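Each remark here refers to the structure printed beneath this line.
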Number of protein chains: 2
Amino acid sequence: MPVRDRLPAGRTHVPSAGGSRPPGGPSDRHHEILDAALELFATVGYGGTTMAQIGDRLGIRGPSLYKHIASKQELLVEIVTGMMTELLRRQQAALARGGDVSERLQRITAVHVQYHAEQRYEAFVGHREIDSLEEPHRTHILDLRREYESRFRELVQEGRELDVFRTASDRWSSYAILDMGIGVSAWYNPSGSVSPEQLADTYAELALRMLGAERDSANTREG
Amino acid sequence: MPVRDRLPAGRTHVPSAGGSRPPGGPSDRHHEILDAALELFATVGYGGTTMAQIGDRLGIRGPSLYKHIASKQELLVEIVTGMMTELLRRQQAALARGGDVSERLQRITAVHVQYHAEQRYEAFVGHREIDSLEEPHRTHILDLRREYESRFRELVQEGRELDVFRTASDRWSSYAILDMGIGVSAWYNPSGSVSPEQLADTYAELALRMLGAERDSANTREG
DNA sequence: AGGTATGGCTAATACTCATTAGCCATACAG
DNA sequence: CTGTATGGCTAATGAGTATTAGCCATACCT
């Protein structure tokens, strides 16, 4: 039973300073919401996050979010799609630079690991919450992921056929590389002293060793 | 508004054949529930699993489960505790067999991977649903996990100090090994033609290579 | 035969949440 | 000034779901 009847209610519309905003793109508010959602999804999970919590981060109520977004699910779709798209983009850029098989594998591994450190929240959510996606988004993301993974497998295969890599199974080796990189998003601490680049280089070297394509530069001590 | 009023209601108590059961241990029914819950937690998640679904697997209704278990949370605690305990047990057994640093590392890696393939549901749930545990269970499990992980790190360190391993960071290398094994629980398919043992051996070899302790037996083709 | 424990069932309880409805103050355009 | 769009708010709504209450048939023990 409501106690107060229709008192002038709390904070109302107080638009931010820069009045005119380009009409097309996602507003500032949209981005703020996405950021808040990302951090919450990563730390307490999609199911564990409530709209009220997201609102809290911006100092507004849960229902007010719907003035800017369509649904909670939309937020997840944007996050996960953005993550997979960016990952594929970076991977393609890494491959486009050419080089021999070892170099290319070294590079896509480094890119993989660097992303999982740098954008650890996106990466973590992108892997963990795939099953929270409703169809057809889930299937779409899984397709992109398969494509991403297959690049690793193909490269391992190419290297093995050229006798550059020695590996018992292209598939297992590529999964191992992928999974060790994914793991980074679960433990990497950005306030530590180690940069995503350092970590990426070290992991890439580990990957090459795993594939029996050992080089010699992998012996610096931890920073 | 209920349509039927008090008709003799469906299936009632039909105890299974072997009447007398030892009074102490968890009943058959308890185990069946645990198994059903495990599969569901692994495939649709703890939050995504309803008591009604678990009941369905045994042909009974959701509320009837409470004649055998205390709560949904209890099921998760049993699963995750069992998983971590078993993992530690096997790790200790592997270490107890002694041998040089490479042998011991090879063995705890193989054990790690084999478990994650063999008991992939337990393993998957044990990692993914830790945050679904209520305190103090969550903290307890995290403590056990830290202990488990530290065994890897200590062994890597020992090997490095003996110049048996060459690695840029004990911590990163051990995380890489752990994470690639954990990943197995997400993709391993028990109906495929590859045994957990084969996979474990291959992965253990990958780990040794990563650590720069290459041996020579790692070159069999995929089965 | 009678009594009791067991393990089903349905219905109710008590929450938690995403989302919608409807209200209103402010800012800004004309 | 005045009108309108914006972006807050509170209060429903409605669905989902763990858990409890209370009922009852069966099986088994004496």
Side-chain angles (χ1 to χ4, degrees), chain A residues 1-23 26-33 37 40-41 44-77 132 134, chain B residues 1-23 26-33 37 40-41 44-77 132 134:
Chain A
M1 203 172 305
V3 174
R4 302 178 282 169
D5 54 333
R6 221 39 62 98
L7 286 184
R11 263 345 80 233
T12 51
H13 179 212
V14 182
S16 56
S20 64
R21 167 198 340 122
S27 68
D28 265 5
R29 220 49 174 159
H30 188 97
H31 257 108
E32 288 177 63
I33 293 173
L40 285 163
F41 291 172
V44 303
Y46 178 75
T49 299
T50 69
M51 297 307 279
Q53 285 175 302
I54 299 176
D56 267 354
R57 299 290 180 110
L58 318 202
I60 66 178
R61 305 293 184 163
S64 302
L65 295 168
Y66 290 88
K67 289 289 158 86
H68 307 279
I69 62 157
S71 67
K72 188 184 176 186
Q73 173 75 197
E74 178 203 72
L75 292 172
L76 183 62
V77 170
S132 302
E134 294 162 12
Chain B
M1 202 173 305
V3 174
R4 300 179 282 170
D5 55 333
R6 221 40 62 97
L7 286 183
R11 264 346 81 235
T12 52
H13 180 211
V14 181
S16 56
S20 65
R21 168 203 334 127
S27 67
D28 265 6
R29 220 48 174 161
H30 188 96
H31 257 108
E32 288 177 62
I33 293 172
L40 284 164
F41 290 171
V44 301
Y46 178 73
T49 299
T50 69
M51 298 305 280
Q53 285 176 302
I54 300 175
D56 267 355
R57 299 290 179 109
L58 317 204
I60 66 178
R61 304 293 183 165
S64 301
L65 294 168
Y66 291 87
K67 289 289 158 86
H68 306 280
I69 62 158
S71 67
K72 188 184 175 186
Q73 174 74 198
E74 179 202 73
L75 292 172
L76 183 62
V77 170
S132 301
E134 294 162 13

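Every chain is numbered from 1 and lettered A, B, ... according to where its sequence line falls, protein lines coming before strand lines. Keep in mind that what you see is a predicted model, and the values were worked out from it rather than measured. Hydrogens, waters and symmetry mates play no part in the numbers below; they use all other heavy atoms, side chains included.
For the pair B/Gln53 (side chain) and B/Gly62 (backbone), a donor-acceptor distance under 3.5 Å is absent. In this structure, the side chain of A/Gln73 engages the main chain of A/Glu134 through a donor-acceptor pair within 3.5 Å. Under the 3.5 Å distance criterion, the side-chain polar atoms of A/Ser64 are left unmatched by any main-chain donor or acceptor of A/Ile60. At distances below 3.5 Å, at least one donor-acceptor pair connects side-chain atoms of A/Lys72 with backbone N or O atoms of A/Tyr46.
Nucleotide C/dA18 holds its P atom 13 Å from the CG atom of A/Leu76, rounded to whole Å. For B/Arg57 and C/dG8, the CZ to P distance is 17 Å, given to the nearest whole Å. A straight line from OH of B/Tyr66 to C1' of C/dG7 spans 16 Å, rounded to a whole angstrom. Rounded to an integer number of Å, the gap from A/His30 NE2 to D/dT6 P is 16 Å. One interatomic measurement links the two molecules: CG of B/Leu65 to P of D/dT17, which rounds to 15 Å at whole-angstrom precision. Summarising the geometry, the separation between CG on B/Asp56 and C1' on C/dC9 is reported as 14 Å, rounded to the nearest angstrom. As rounded to whole Å, 16 Å separates atom P of D/dT6 from atom CG of A/Asp28. The CD1 atom of A/Ile33 sits 13 Å away from the P atom of C/dT19 (whole-angstrom rounding).
Side-chain proximity of B/His68 to C/dG7, D/dG7, D/dT20: nearest is C/dG7. In this structure, the nucleotide among C/dT19, D/dG22, D/dA21 sitting nearest to the side chain of B/Pro63 is D/dA21. The side chain of B/Met51 lies closest to D/dT19, out of D/dC9, D/dT19, C/dC9. Listed candidates were D/dG8, C/dT19, C/dC17. Nearest to the side chain of A/Thr50 is C/dC17.
The shortest distance between the side-chain N/O atoms of B/Arg61 and the OP1/OP2 oxygens of C/dT10 is below 4.0 Å. When the side-chain nitrogen and oxygen atoms of B/Lys72 are compared with OP1 and OP2 of D/dA18, one or more of them lie within a distance under 4.0 Å. Phosphate proximity of D/dC9 to A/Ser64: present, with a side-chain N or O under 4.0 Å from OP1 or OP2.
Heavy-atom distances to DNA chain C give each of B/Gly62 and A/Gly62 a nearest nucleotide, and the one nearer the 5′ end belongs to B/Gly62.
A 4.5 Å side-chain heavy-atom check between A/Leu40 and A/Arg57 finds at least one atom pair inside the cut-off.
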